[in-house]
Structures are given as structure tokens and as C-alpha cells.
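Remember, predicted model here, so these are calculated numbers, not experimental data.
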Amino acid sequence: MRLIWHAPYKGVTRLRVSAWTCHCRATLYELCHAGGQAFIRRTLQLDDNRQVHETYRWPIREADDVWRALLSGKAR
């Protein structure tokens, strides 16, 4: 599965991060919940530059499946 990454959506003011990968890595992934939907946020931590991208929003159960696929290497 190939994920499509977009610039962060500016309309979300409150969200909950329910799962994340290690902050010590160059690429950090977070499973975020907002407004009854969920998405994955990717942060590239390169030197002094941070680049943040997000996936499409899915129903929470579908996002959980995508999250597991990402962690297992079946999505990227």
C-alpha cells in the first residue's frame, strides 16, 4: 500500500495522538484522531529542519488498519 502525503490540514485545532513511533528516529509517525476520523502524521526530523505531512482522513477503524500496515512494512 502506498500512502499519499499532504501538507497538514489547517482546520484541525484539537486532536489526540493515540500511537507513535520512536522520537529518536529521523522519521516519526503518529496516529492522530480528530473529529471522529483518524490520520497518520509523518515528521521528518532533518538537522534543524522539520517537515510535517499527513495522510488522508479515514474512519477510525480503517486508519487503525493502515497504521498496522505501516508498522509492519506493508504500507509506506
Under 4.5 Å between any side-chain heavy atoms of [X] and [Y], yes or no?
{"X": "Arg57", "Y": "Tyr9", "value": "yes"}
{"X": "Thr55", "Y": "Arg41", "value": "no"}
{"X": "Leu31", "Y": "His33", "value": "yes"}
{"X": "Leu3", "Y": "Arg76", "value": "no"}

[X] with [Y], same ILVMFWY side-chain cluster at under 4.5 Å:
{"X": "Met1", "Y": "Ile40", "answer": "yes"}
{"X": "Leu15", "Y": "Tyr56", "answer": "no"}
{"X": "Phe39", "Y": "Tyr29", "answer": "no"}

For a side chain to side chain contact (heavy atoms under 4.5 Å, CB included) with Arg68, tell me which candidate from Leu71, Val66, Asp64, Leu70 qualifies. Asp64
Crowded around Trp20 CH2? As in, over 12 foreign heavy atoms under 6.0 Å?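 It does not: Trp20 CH2 has 12 such atoms or fewer within range.
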Under 6.0 Å from the CD1 atom of Ile4, do we count more than 12 heavy atoms belonging to anything else shown? no
Determine, step by step, whether Ile60 and Gln37 satisfy the side-chain contact (heavy atoms from CB on, under 4.5 Å) criterion, reporting the C-alpha distance in whole Å, the side-chain angles of both residues, the deciding distance to 0.1 Å, and the verdict. CA-CA 5 Å; Ile60 292 172; Gln37 296 182 319; 5.7 Å; no
Quick one: does Glu54's side chain have a donor or acceptor within less than 3.5 Å of a partner on Arg42's backbone?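 Checked: no pair found.
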Nearest heavy-atom contact between Arg50 and Gln45 is NH2-OE1, 4.2 Å
